[in-house]
Amino acid sequence: MFRKFRKKSPWILHYNAGSCNGCDIEILACLSPKYDLERFGVINTGNPKQSDIFLVTGPVTFRSRERLVELYTQMPEPKVVVAVGSCTCTGGVFRDMYNVEDGIDRYIPVDVYVPGCAASPELIIDGVVKALEVLEKKTKAMEKPRKLFSEATTKEGIVDRRECAQKVGEADAKDTE
Amino acid sequence: MIEILLILLAPVAGGLLYGFERVVRARMQNRQGPPLLQPFYDMMKLIDKQTLIVNPTHALLGVMHFVALWAVVAFTIMGGNLLYIVFLHLLASLFLVLAAFSVKSIFSHLGANRELLSMIAYEPILVMFAVAFYMLNGSFSIDAVRANPSALGSLLFLFLAFLFVVQLKLKKSPFDAAKAHQEIVGGAEVEFSGLFFEFVYMALWLEYVFVYLLLMLFAGDNILLGGILFCVVFLLVNLVDNATARVRMEHLIKIFLGIAVSLAALNLLGLAYV
């Protein structure tokens, strides 16, 4: 009965995993009067224990990966992860560099990928709204990082993890109650 | 009978007031705000979250904070002794501080410290508020205050000092250093999640009801003046919130103990000797 209220009050945790701050600025712009996210009831809480949506930017640097996983585990279920920006999805311009892990989906399960460098506010709002649809279908059981446990395909010598991800909106058979 | 109904509906009224305030703040910032019932949507969502209990003391004290604050609002509506109400309110705030100290989190302790510091700042003013009404009416009873005509004229400085307290209790700029959203993560309520955060969230709504009920005591038996005071202070508080930045904790204490307490004390001296 309470499920339909999940998407009426999404609280955001915004974390920068080593990004250049471009996507961070766009996220903060979403919360400003021009692209107002608060009309969906979105609050930017700084507190993982009180948020539902984990907005991450940045290709994961060495020091931020522990914090990334810790923050993710401190969020109570149900939760969704939105990867904002190309760096967060696949590594972006920094792919294959020595100092970054290419994207957050090597560490935590991601639900929505928002591309762009920097992702535009309209696209981020689109991503958040899609994340809410995914959130509604989730159970309160702990997430299995589906992506990490499935096979990655290799195309021309480059490991491609995108194709084995669950598509947005496609609910796993075990996820729906 | 109607008082019991008002007491039971106090959290609902507080929630509607809080929701309306978010819309007012949003409109002041030239944007559309959340829907009016947003606090209740938040409440339903928080009930549906997985509740991570840090330890049972923490959770229980959080619930006690809410229950004690509801008791304070109940006594205010039923017309109790104003001094007792001020001290019971202090106890309700102390429950939250104790809850925050009962976990081993640095952020929680930081928030609790700041809550205690802000109590040092505003409690003298609330006590002087009660004393001023005693000096005017000969009794601490709220019924006596509500039966007499409005004392706003002779309590003007106290009213100004009380506005400072309103700004702090409602956790608004420039005096929201105790919560300092995003600077110290969350203040005293940082380790609450799910259902128990809902209790602390509802306690904030009751805080709104309590503060505005105290505000309307300045109007005595004049309901129209009470309504006007409420509307004016509501808009003023939101305007100041939107227009100012947060002051640091030490400055908050200096401003309160320097300006607001002096104003209130001046008013008391005036009532005694003039």
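Bear in mind the structure is a predicted one, so any value in this text is a computation, not a measurement.
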Asks: Can you tell me if CD1 on B:Ile106 sees more than 12 non-hydrogen neighbours from other groups inside 6.0 Å?
Replies: no
Asks: For B:Ile4, look at atom CD1 and say whether over 12 heavy atoms of other residues, nucleotides or ligands are found less than 6.0 Å away.
Replies: no
Asks: Could you check whether atom CZ of B:Phe20 has more than 12 heavy atoms from other residues, nucleotides or ligands sitting under 6.0 Å from it?
Replies: no
Asks: Return the minimal non-hydrogen interatomic distance between A:Pro78 and B:Lys49, and the atom names on each side.
Replies: O-NZ, 3.2 Å
Asks: Counting heavy-atom pairs under 4.5 Å with chain B, which one of A:Lys7, A:Arg6, A:Gln74 comes out on top?
Replies: A:Arg6
Asks: Examine whether an atom of B:Tyr41 lies under 4.5 Å from a heavy atom of chain A, and if so say whether it belongs to the side chain, the backbone or both; otherwise answer neither.
Replies: both
Asks: So that I can tick it off, tell me whether B:Asp42 and A:Lys8 are bridged by a salt bridge, with the cut-off set at under 4.0 angstrom between side-chain N and carboxylate O.
Replies: no
Asks: How close do B:Asn30 and A:Pro33 get, counting heavy atoms only, and between which atoms?
Replies: O-CB, 4.1 Å
Asks: Quick one: CE on B:Met43 to OG on A:Ser9, what's the gap to the nearest 0.5 Å?
Replies: 11.5 Å
Asks: Find out whether A:Glu38 and B:Pro34 are in side-chain contact, i.e. whether some heavy atom of one side chain is under 4.5 Å from a heavy atom of the other.
Replies: yes
Asks: Side chain, backbone, both or neither: which part of B:Phe196 has an atom under 4.5 Å from a heavy atom of chain A?
Replies: neither
Asks: For B:Phe40, does the CZ atom sit with more than 12 other heavy atoms under 6.0 Å from it, leaving out its own atoms?
Replies: yes
Asks: Report the distance from atom CG of B:Asp48 to atom NZ of A:Lys4, rounding to the nearest 0.5 Å.
Replies: 12.0 Å
Asks: Which bit of A:Ile43 is near chain B, if near means a heavy-atom gap under 4.5 Å: side chain, backbone, both or neither?
Replies: side chain
Asks: Any non-hydrogen side-chain atom of A:Lys49 less than 4.5 Å from a side-chain atom of B:Val54?
Replies: yes
Asks: Specify the closest pair of heavy atoms between A:Gln50 and B:Lys45, including all atoms of both residues, with the distance to one decimal.
Replies: O-NZ, 4.4 Å
Asks: Which heavy atom of A:Asn47 sits nearest to which heavy atom of B:Val190, and what is that distance?
Replies: ND2-O, 2.8 Å
Asks: Counting neighbours of CD on A:Glu66 that are heavy atoms of other residues, nucleotides or ligands and sit closer than 6.0 Å, is the number greater than 12?
Replies: no
Asks: Which bit of B:Gln32 is near chain A, if near means a heavy-atom gap under 4.5 Å: side chain, backbone, both or neither?
Replies: both
Asks: Checking salt bridge (Lys or Arg N to Asp or Glu O under 4.0 Å) against A:Asp36, which of B:Arg31, B:Arg27, B:Arg22 comes through?
Replies: B:Arg31
Asks: How far does CG of B:Leu46 sit from CH2 of A:Trp11, to the nearest 0.5 angstrom?
Replies: 5.0 Å
